[in-house]
Amino acid sequence: MSRIFGALLALLLVASCGGGGYGTAPRNLDNACAILNERPEYARAFESSARRWGIPAHVQMATIYQESKFISDARTPHRWALGVIPTGRISSAYGYSQALDGTWDEYMAEAGRWGARRDDIRDSADFIGWYMAKSTERLGISPQDARNQYLAYHEGRAGFARRNHNSKPWLMRVAADVETRAQRYRAQLGTCRAGRGLV
């Protein structure tokens with residue numbers, strides 16, 4: 001009996017230590033159907049978020065691609081002093097959504113998702129849906145407008161309202177890429193079994 005109990009305890013301990021994500025990206029990031037076929041739980045996550053917040057799966061997917069390339073434990077690079085001494089990371093951005101610590105805390109409190117993890121696809125998709133739904137509510141950005149949703153996501157809603165992005169040509173190019181990818185994902189999802197119900 002004690003052996004069984006010990007084995008169950010060890011299993012629970014291992015399950016609670018990370019394991020929220022893959023740590024690696026799906027093989028074909030240019031095809032939404034291939035992503036969802038390889039990782040069916042992603043389809044469930046995007047569908048759940050879309051139902052709750054009204055942000056389409058293709059917009060969520062294009063954002064995650066840009067932020068983390070679908071790597072669950074993605075982090076920003078280290079800062080270095082004298083070129084050799086690590087002094088911390090560029091920011092607290094982490095996980096699929098690259099959410100910052102403070103914004104993630106705000107999400108957990110407002111959405112009632114205590115215990116949500118940034119390296120979990122379901123929680124990250126829900127976070128993106130929550131954030132972008134607030135951008136729709138406060139800034140009037142269409143849920144389908146991947147370009148402007150991404151700009152508000154990257155710059156923050158206050159920065160978007162101040163039009164900070166207009167002085168960042170590199171960011172405008174990135175946002176255009178997000179829009180192009182979102183439309184490609186949308187077209188692909190409309191043709192495959194894995195994307196059924198997502199468009």
Side-chain angles (χ1 to χ4, degrees), residues 12-27 29 32 35-36 38-50 52-53 55-81 84-135 146-147 149-160 164-165 168 170-171 174-175 177-178 181-182 185:
L12 286 172
L13 184 62
V14 169
S16 68
C17 296
Y22 287 89
T24 60
R27 285 186 295 275
L29 295 180
I35 293 169
L36 301 184
E38 184 177 339
R39 308 222 172 130
E41 67 277 18
Y42 284 16
R44 292 188 293 274
F46 298 134
E47 183 177 20
S48 175
S49 177
R52 185 173 187 196
W53 303 109
I55 304 300
H58 62 275
V59 175
Q60 298 173 52
M61 292 179 74
T63 301
I64 288 176
Y65 173 87
Q66 183 56 47
E67 292 297 288
S68 67
K69 304 296 188 281
F70 288 89
I71 296 171
S72 64
D73 57 355
R75 293 183 185 273
T76 58
H78 281 285
R79 286 191 183 114
W80 299 89
V84 294
I85 305 167
T87 61
R89 298 205 178 259
I90 292 171
S91 79
S92 64
Y94 176 72
Y96 288 109
S97 61
Q98 290 294 283
L100 299 171
D101 289 350
T103 313
W104 190 261
D105 291 344
E106 180 186 347
Y107 157 71
M108 288 192 297
E110 282 192 21
R113 298 289 303 262
W114 297 107
R117 294 182 2 225
R118 290 177 278 183
D119 64 353
D120 184 292
I121 190 63
R122 188 175 183 97
D123 294 335
S124 287
D126 196 71
F127 169 81
I128 289 170
W130 166 81
Y131 193 93
M132 291 184 173
K134 294 276 186 192
S135 296
R147 177 185 175 276
Q149 284 286 2
Y150 182 76
L151 288 169
Y153 188 84
H154 188 277
E155 293 296 282
R157 286 184 284 270
F160 180 87
N164 289 356
H165 50 279
K168 300 176 180 177
W170 64 269
L171 179 58
V174 168
D177 290 345
V178 170
R181 181 168 294 274
Y185 281 168

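The OG1 atom of T103 lies 6.5 Å from the CD atom of E106; values are rounded to the nearest 0.5 Å. L29 CG to M61 CE: the interatomic distance, rounded to the nearest 0.5 Å, is 9.0 Å. Taking CG of L36 as the reference point, atom CD of E41 lies at 9.5 Å (rounded to 0.5 Å). For the atom pair I71 CD1 and I64 CD1, the distance stands at 12.5 Å (nearest 0.5 Å).
For D123 (side chain) and R117 (main-chain N/O), a donor-acceptor pair under 3.5 Å exists by modelled atom type. In this structure, S49 contributes its side chain and A45 its backbone to no donor-acceptor pair below 3.5 Å. Under the 3.5 Å distance criterion, the side-chain polar atoms of Q60 are matched with a main-chain donor or acceptor of F46. Not a single donor-acceptor pair under 3.5 Å links the side chain of Q149 to the backbone N or O of V59.
Under the 6.0 Å distance and 45° angle rule, R118 does not count as a cation-pi partner of Y94.
Put simply, the side chain of W53 reaches to within 4.5 Å of the side chain of D126, judged on heavy atoms. Counting only heavy atoms from C-beta outward, the side chains of R39 and I35 never approach each other to under 4.5 Å. Counting heavy atoms from C-beta outward, T63 and M132 have side chains that approach closer than 4.5 Å. The side-chain heavy atoms of E67 and Y153, taken from C-beta on, include a pair separated by under 4.5 Å. The shortest distance between side-chain heavy atoms of H154 and Q66 does not fall below 4.5 Å.
Nearest heavy atom pair, residue G156 against residue Y131, reads CA-OH, 3.3 Å. Taking all atoms of both residues into account, the shortest heavy-atom contact from W114 to A109 is CZ2-CA, 3.4 Å. Smallest separation of non-hydrogen atoms from V178 and A62: O-CB, 3.6 Å. Counting all heavy atoms, side chain and backbone alike, W104 lies closest to S97 at CZ3-OG, 4.1 Å. Residues Y96 and D119 come closest through the heavy atom pair CE1-O, 3.4 Å. The nearest pair of heavy atoms linking Y150 to L171 is CE2-CD1, 4.1 Å.
Every side chain to side chain donor-acceptor pair (under 3.5 Å) that R122 has, sequence neighbours left out, goes to S48. With sequence neighbours left out, the salt bridge (charged side-chain N to carboxylate O under 4.0 Å, His left out) criterion links R157 to no other residue.
Below 30°, between 30° and 60°, or above 60°: for Y107 and F127 the angle between ring planes is above 60°, a perpendicular geometry.
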